[in-house]
Participant: 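A single structure is presented below for examination.
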Amino acid sequence: MFACKSKTDEPTAPEQPDTPDTPILTEKAISFEKAKLDENNVMFSAPYSEDILTFSNYYDSEYLYWEDFAISAVYDDTTAGFMNMYGSISASAYEGNNFAVVFQGYYNLPTISAKQDFQPQSLYINNSTYCYLALLNGSDYSKKFEAGDYFYITATGYANDSTETGHADFYLADFRDGKSVIIRDWTSFDLTSLGTCRTIKFSFTSTDMGDYGMNTPAYAIIDNMVIKY
């Protein structure tokens, strides 16, 4: 007599774990704390880099003019006017000491560029003191906001081949539909709709327009930008 061995008795290979369809990404927060500020608690004459990101800066040393991004730790929330362009209306950064000032000037759109593709998640945003008080009270160059007015910033993502990957808007002031909102606290701005991108460009839109473009000061402040890559 011979013993028969069934196929079910044969050893089977152990099951292999499923391979994820997408790689696990690292999440990082950009804090602006590495910036070397001057005696006035600002850095406005050079690009700022942290982790894989670089924040653009245009600077004219002859006229001491800058645009795009500056880094600040100025907490003056009361002084109105252009001379307080670096101030935070909430008298603080969102976290830590420093935050970035976004300014859309004459030559460029403020641009964040990366060494590789990344996925923007969010950042915290607020009005600068200069812009907040101009929206609230008006100024020599801009109107006091009233019913129907609005002011918002747009973040637009671009792939390495310059095609748009998505965009997101955030209203810094909104007087539509019975509202009378001017942001003065750090507020989360969702950037996930930008998808996977290589650069982000910021632009501003306002109902207060003049012969030479937007009258509203084209400023905002940002902090704690979270990305994945």
Side-chain angles (χ1 to χ4, degrees), residues 19-37 42-60 65-72 86 93-96 98-128 151-172 183 186-206 213-214 218-229:
T19 301
D21 295 331
T22 55
I24 298 174
L25 302 179
T26 301
E27 185 172 281
K28 296 290 185 68
I30 308 302
S31 65
F32 306 104
E33 295 300 307
K34 297 179 180 179
K36 295 181 180 179
L37 307 185
V42 296
M43 186 188 86
F44 60 87
S45 60
Y48 175 75
S49 295
E50 185 175 341
D51 206 278
I52 65 166
L53 302 185
T54 296
F55 296 76
S56 64
N57 174 272
Y58 172 87
Y59 177 64
D60 186 327
Y65 170 81
W66 72 273
E67 59 182 60
D68 296 359
F69 290 95
I71 312 301
S72 173
Y86 304 109
Y94 170 72
E95 196 170 73
N98 300 346
F99 54 89
V101 182
V102 190
F103 169 41
Q104 180 184 339
Y106 299 105
Y107 301 107
N108 312 293
L109 290 180
T111 301
I112 302 172
S113 57
K115 296 177 181 178
Q116 65 184 73
D117 289 345
F118 71 104
Q119 296 176 3
Q121 300 298 296
S122 64
L123 56 78
Y124 277 85
I125 192 166
N126 200 355
N127 273 303
S128 68
F151 173 56
Y152 65 86
I153 186 172
T154 300
T156 304
Y158 295 91
N160 199 34
D161 62 0
S162 299
T163 58
E164 184 178 327
T165 61
H167 69 275
D169 298 329
F170 183 90
Y171 280 79
L172 292 156
I183 298 298
W186 288 104
T187 307
S188 183
F189 181 11
D190 185 357
L191 299 176
T192 54
S193 59
L194 275 62
T196 299
C197 58
R198 185 64 68 92
T199 60
I200 302 173
K201 294 182 183 291
F202 292 91
S203 59
F204 292 86
T205 302
S206 173
M214 189 170 70
Y219 289 81
I221 57 176
I222 63 172
D223 199 1
N224 200 55
M225 180 177 182
V226 177
I227 62 173
K228 289 183 177 180
Y229 63 90

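Heavy-atom basis, side chains included; hydrogens, waters and symmetry copies ignored. Counting from 1, the numbers follow the sequence of the chain as shown. As the structure is a prediction and not an experimental result, all values here were calculated from the model.
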Participant: State, without any angle test, whether Ser49 and Thr54 hold a side-chain donor-acceptor pair at a distance under 3.5 Å.
Facilitator: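 Yes, a side-chain donor-acceptor pair sits under 3.5 Å.
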
Participant: Between the side chains of Tyr219 and Asn127, is a donor N or O closer than 3.5 angstrom to an acceptor N or O?
Facilitator: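 No pair is found: no donor N or O on one side chain lies under 3.5 Å from an acceptor on the other.
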
Participant: Can you name the nearest heavy-atom pair linking Phe202 to Ala155, along with the distance?
Facilitator: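 Closest pair (atom of Phe202, atom of Ala155, distance): CE2-CB, 3.7 Å.
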
Participant: Please give me the minimum heavy-atom distance between Glu33 and Glu50, naming the atom from each residue.
Facilitator: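 Scanning both residues completely, I find the closest heavy atoms to be N-OE1, 4.2 Å.
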
Participant: Taking atom types as modelled, find out whether Asp169 and Thr154 have a side-chain donor-acceptor pair closer than 3.5 angstrom.
Facilitator: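 Yes.
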
Participant: Only counting residues at least two apart or in another chain, list the ones meeting side chain to side chain contact (heavy atoms under 4.5 Å, CB included) with Lys201.
Facilitator: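 For Lys201 the side chain to side chain contact (heavy atoms under 4.5 Å, CB included) partners, ignoring immediate neighbours, are Leu109, Thr111, Tyr158.
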
Participant: Out of Ile52, Ile112, Ile200, which residue meets the side chain to side chain contact (heavy atoms under 4.5 Å, CB included) rule with Ile227?
Facilitator: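 For Ile227, the side chain to side chain contact (heavy atoms under 4.5 Å, CB included) check succeeds only for Ile52.
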
Participant: Checking the side chain of Ser72 only, and the main-chain atoms of Phe99 only, is there a donor and an acceptor separated by less than 3.5 Å?
Facilitator: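 Between the backbone of Phe99 and the side chain of Ser72 there is no qualifying donor-acceptor contact (under 3.5 Å).
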
Participant: Go through the steps for Asn57 and Phe69 under the test side chain to side chain contact (heavy atoms under 4.5 Å, CB included), then give the verdict.
Facilitator: CA-CA 5 Å; Asn57 174 272; Phe69 290 95; 5.6 Å; no

Participant: For Phe32 and Tyr48, what are the C-alpha separation, side-chain angles and deciding distance, and is it a ring pair (Phe, Tyr, Trp, His ring centres under 6.0 Å)?
Facilitator: CA-CA 8 Å; Phe32 306 104; Tyr48 175 75; 5.7 Å; yes

Participant: Using modelled atom types and a 3.5 Å cut-off, is there a donor and acceptor pairing between side-chain atoms of Asp51 and backbone atoms of Leu53?
Facilitator: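 No: the side chain of Asp51 does not pair with the backbone of Leu53.
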
Participant: Can Phe118 and Tyr229 be said to form a ring pair (Phe, Tyr, Trp, His ring centres under 6.0 Å), step by step?
Facilitator: CA-CA 5 Å; Phe118 71 104; Tyr229 63 90; 8.1 Å; no

Participant: Give a yes or no on whether the ring-centroid distance for Phe204 and Phe151 is below 6.0 angstrom.
Facilitator: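 Close enough - the centres of the two rings lie under 6.0 Å apart.
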
Participant: List the atom of Pro120, the atom of Gly195, and the distance in Å for their closest heavy-atom pair.
Facilitator: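 Scanning both residues, the minimum pair turns out to be CD-O, 3.2 Å.
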
Participant: If a pair satisfies salt bridge (Lys or Arg N to Asp or Glu O under 4.0 Å) and one of its residues is in residues 105-115, list it, with sequence neighbours excluded.
Facilitator: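 Residue pairs passing salt bridge (Lys or Arg N to Asp or Glu O under 4.0 Å), neighbours aside: none found.
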
Participant: With distance as the sole test, does Asp161 use its side chain to make a donor-acceptor pair with the main-chain N or O of Thr163 at under 3.5 Å?
Facilitator: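 Confirmed, Asp161 side chain pairs with Thr163 backbone.
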
Participant: Once you round to the nearest 0.5 Å, how far does CG of Leu194 lie from NE2 of His167?
Facilitator: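 That separation rounds to 9.0 Å.
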
Participant: So if I apply the ring-ring contact (aromatic ring centres under 6.0 Å, His included) rule between Phe44 and each of Phe103, Tyr59, Tyr65, which one comes out positive?
Facilitator: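 Exactly one candidate clears the test, Tyr59.
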
Participant: Sub-3.5 Å donor-acceptor pair from the side chain of Glu164 to the main-chain atoms of Thr156, do we have one?
Facilitator: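 Pair absent, no side-chain N/O of Glu164 close to backbone of Thr156.
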
Participant: So, the side chain of Thr165 versus the backbone of Gly157: is there a donor-acceptor pair under 3.5 Å, distance only?
Facilitator: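 Checking the backbone N and O of Gly157 against the side chain of Thr165, a donor-acceptor pair under 3.5 Å is found.
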
Participant: For the side chain of Glu67 and the backbone of Asn108, is there at least one donor-acceptor N/O pair under 3.5 Å apart?
Facilitator: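 Side chain of Glu67 to backbone of Asn108, a donor-acceptor pair under 3.5 Å: yes, one is there.
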
Participant: Which heavy atom of Tyr94 sits nearest a heavy atom of Asp223, and at what distance?
Facilitator: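 Here Tyr94 and Asp223 meet closest at N-OD2, 3.0 Å.
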
Participant: Minimum heavy-atom separation for Gln116 to Arg198, with atom names?
Facilitator: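 Nearest heavy atoms, Gln116 then Arg198: C-NE, 3.2 Å.
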
Participant: Suppose we screen for side chain to side chain contact (heavy atoms under 4.5 Å, CB included). Which residues come up paired with Ala46, at least two apart in sequence or across chains?
Facilitator: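 Counting only residues at least two positions away or on another chain, Ala46 forms no side chain to side chain contact (heavy atoms under 4.5 Å, CB included).
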
